[in-house]
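Everything below concerns the one structure shown next.
Chain letters run A, B, ... following the sequence lines, proteins first, then strands; residues in each count from 1.
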There are 2 protein chains.
Amino acid sequence: MKSVGSVKVERRSLDSRAADVLREQILSGNLVPGQRVTETALAAQLEVSRGTLRAALRALAHEGLIQQVAYTKWMLPEFSHADAWELYTLRGTLEGMAARLAAEHRTRDCVATLEAAFERLVAAVGSRKHGRVAEADLALHKTIVAITGHQRLIDQYRLLEQQVRHYIISSNALIMDLNQIVAEHQPIVRAIVAGEPEKAERLARQHNAPEVERAAEALVRERAAAKASPGKPATKAAARRGAGSQKEPVKANA
Amino acid sequence: MKSVGSVKVERRSLDSRAADVLREQILSGNLVPGQRVTETALAAQLEVSRGTLRAALRALAHEGLIQQVAYTKWMLPEFSHADAWELYTLRGTLEGMAARLAAEHRTRDCVATLEAAFERLVAAVGSRKHGRVAEADLALHKTIVAITGHQRLIDQYRLLEQQVRHYIISSNALIMDLNQIVAEHQPIVRAIVAGEPEKAERLARQHNAPEVERAAEALVRERAAAKASPGKPATKAAARRGAGSQKEPVKANA
DNA sequence: GGATTGATAATTGTCAACAATCTCCCTTGA
DNA sequence: TCAAGGGAGATTGTTGACAATTATCAATCC
């Protein structure tokens with residue numbers, strides 16, 4: 001018995017496999033933001049019962065990949081600038097925490113895993129293929145989180161990363177300068193390997209700063225425009241967000 | 001129409017209300033960690049169908065309040081020292097982020113809300129009732145998070161806070177020095193009101209440091225004991241955790 | 001005596017039918 | 001012309017029955 005894992009038969013429940021398929025569909029951009037989906041149609045398409053499909057949809061709702069309007073409909077979320085700001089501020093904080101922990105509790109194995117991921121990024125940049133670089137980039141960050149061994153952080157980061165991917169896909173927000181990619185990541189890796197928690201955290205957080213600033217500036221512009229013609233928010237998503245969360249803090253149900 | 005909310009009829013779905021009841025049961029300690037629960041029994045007790053109850057259980061599973069073993073059983077999680085370490089490190093980071101954001105983007109309303117929450121904590125300490133102080137303490141931290149307006153942070157913090165409450169309940173880990181409570185919180189509030197992001201973040205994170213250290217020390221002791229008598233982890237929860245998450249990073253299924 | 005196999009009971013997984021609710025559009029009236 | 005009301009159709013919410021899987025335990029064989 002050496003390295004099984006792929007030969008065993010599928011033992012997971014049908015609804016979790018249905019969720020996998022739907023997740024793939026959403027993250028690949030086959031379903032566009034704002035689009036409505038109906039349970040019956042999806043159930044027929046995946047050839048599972050409506051009950052099973054509902055369980056899958058609910059799982060995705062918990063992951064932030066789809067939204068439910070009770071008694072009414074399911075729909076793909078539309079991303080506003082506020083969403084982008086939330087995603088990247090949170091990502092900066094979580095990656096900062098991960099980098100700090102990784103630097104504090106690093107082991108020989110962890111360092112090896114990290115450096116291997118970094119090497120794969122360097123190789124990807126060398127290939128000049130944007131898709132491969134993007135994948136290796138995400139994988140490196142995921143590795144930093146993984147080597148902390150902090151299960152809750154890992155789970156949470158995975159959900160956040162999914163939403164970031166969804167946002168990037170649906171807003172074509174992917175901008176990369178291949179020549180800077182390595183230079184931007186190397187200091188973070190070095191700080192972790194060298195065991196410098198403070199520095200690692202600061203660098204990892206700063207890595208997300210450009211996206212945060214871009215979103216923040218867009219938000220300010222948006223609010224200025226809304227002020228010019230009041231009573232008419234710039235996007236539907238902004239209106240939706242503005243409605244619920246003013247008074248009565250922390251009471252939503254999902 | 002002034003401050004409705006409690007008079008209108010319940011319009012939420014049955015499964016979410018069932019989840020509320022179960023959440024209350026778990027957080028009040030009526031269901032003890034390690035205990036097994038069966039769908040049929042719970043469904044009969046709540047007088048809902050099994051399908052509805054399953055939806056509720058799944059929601060709680062996503063919140064980390066219950067665990068599912070596929071095709072086998074549902075059970076209440078047992079907390080190890082590793083869990084405590086995860087909970088408090090994550091809480092420190094999220095509260096630090098919240099305090100920073102609150103200090104950066106504070107408005108007149110936010111400051112008023114925050115100071116009101118702090119006054120309630122002071123009043124609770126004055127009453128010398130431990131239960132009231134604990135509630136006001138949690139409420140103050142929740143307020144700091146709420147005034148950021150960061151919806152994803154708010155949602156995530158609520159889930160984390162629930163798990164912390166569950167941990168405190170099930171391990172009797174609540175220790176408070178009434179005389180220090182006010183002194184410990186006042187600097188954080190002041191830093192936010194004064195608009196000092198760096199300081200606010202640092203203080204909010206340090207606020208969780210004692211719990212983090214306690215958990216970390218317990219972990220070290222545990223590992224030392226495990227080394228003394230190998231092949232026999234100190235707790236079942238530690239064994240469970242140790243099994244899955246070594247190789248194959250980030251592949252578990254929620 | 002101990003391990004293995006096979007039946008049995010208990011529990012979870014899946015499904016299709018029925019009920020409740022919402023949206024949309026048409027009618028009606030001023 | 002426009003607003004209010006009502007009904008048809010579509011969609012989600014809920015349920016109980018049936019299928020698949022697992023754990024338990026006695027019987028059997030080495």
- Task: Would you indicate which nucleotide in D:dG13, C:dT14, D:dG16 comes nearest to any side-chain atom of B:Ser49?
- Result: D:dG16
- Residues A:Glu63 and A:Arg23 bridged, charged N to O under 4.0 Å: yes
- Task: Quickly work out the A:Arg12 CZ to C:dT14 C1' distance and round it to whole Å.
- Result: 16 Å
- Query: For A:Arg12 and B:Tyr71, which heavy atoms make the closest approach, and how far apart are they?
  - Reply: O-OH, 4.4 Å
- Task: Return the orientation label for the A:Phe79 and A:His166 ring planes: parallel under 30°, perpendicular over 60°, tilted otherwise.
- Result: perpendicular
- Check every atom of C:dT12, C:dT14, D:dG13 against the side chain of A:Asp15 and return the nucleotide holding the closest atom. C:dT14
- Query: So which nucleotide from C:dT14, C:dT12, D:dT11 ends up closest to the side chain of A:Leu14?
  - Reply: C:dT14
- B:Val37 near the nucleic acid: base, sugar-phosphate alone, or nothing, with a heavy-atom cut-off under 4.0 Å? sugar-phosphate
- Item | A:Asp155/A:Arg152 salt bridge by N-O under 4.0 Å criterion | no
- Item | Between C1' of D:dT12 and CH2 of A:Trp74, the distance in whole Å | 10 Å
- Message: Strictly below 4.0 Å: does B:Arg50 bring a side-chain N or O up to OP1 or OP2 of D:dG16?
- Response: no
- Item | Rounded (10°) bend between the five-pair end axes of the helix from C:dG1-D:dC30 to C:dA30-D:dT1 | 10°
- Task: Please report, rounded to the nearest Å, how far the P atom of D:dT14 is from the CG atom of B:Leu46.
- Result: 13 Å
- Separation of D:dT12 atom P from A:Ile66 atom CD1, nearest Å, is 10 Å
- Salt bridge present between B:Arg58 and B:Asp15 (N-O < 4.0 angstrom): no
- Item | Distance in angstrom units between B:Tyr71 OH and C:dG13 P, rounded | 7 Å
- Note on the structure: With B:Lys142 as partner, the option from B:Glu95, B:Glu161, B:Glu135 fulfilling salt bridge (charged side-chain N to carboxylate O under 4.0 Å, His left out) is B:Glu161
- May I have the distance from A:Glu39 (atom CD) to C:dT21 (atom C1'), rounded to whole angstrom? 13 Å
- Query: Hey, does the side chain of B:Thr52 come within less than 4.0 Å of D:dG13's phosphate (OP1/OP2), counting only N and O?
  - Reply: no
- Here the distance between atom C1' of D:dT11 and atom CG of A:Leu57, to the nearest Å, is 13 Å
- Message: I need the CG-P distance between A:Leu53 and D:dT11, as an integer number of Å.
- Response: 14 Å
- Contact summary for B:Thr143 and B:Leu114, nearest pair of heavy atoms: CG2-CA, 4.1 Å
- Minimum heavy-atom separation for B:Ile147 to B:Ile144, with atom names? CG1-O, 3.3 Å
- Query: Of the nucleotides C:dG13, D:dG16, D:dT11, which has the atom closest to the A:Thr38 side chain?
  - Reply: D:dT11
- Query: Between D:dT12, C:dC15, C:dT12, which nucleotide gets closest to the side-chain atoms of A:Val48?
  - Reply: C:dC15
- Message: Checking contacts here: which listed nucleotide (C:dC15, D:dG13, C:dT23) is nearest the side-chain heavy atoms of A:Thr72?
- Response: C:dT23
- Does B:Glu47 or B:Arg36 map to a spot on DNA chain D nearer the 5' end, using the closest nucleotide for each? B:Glu47
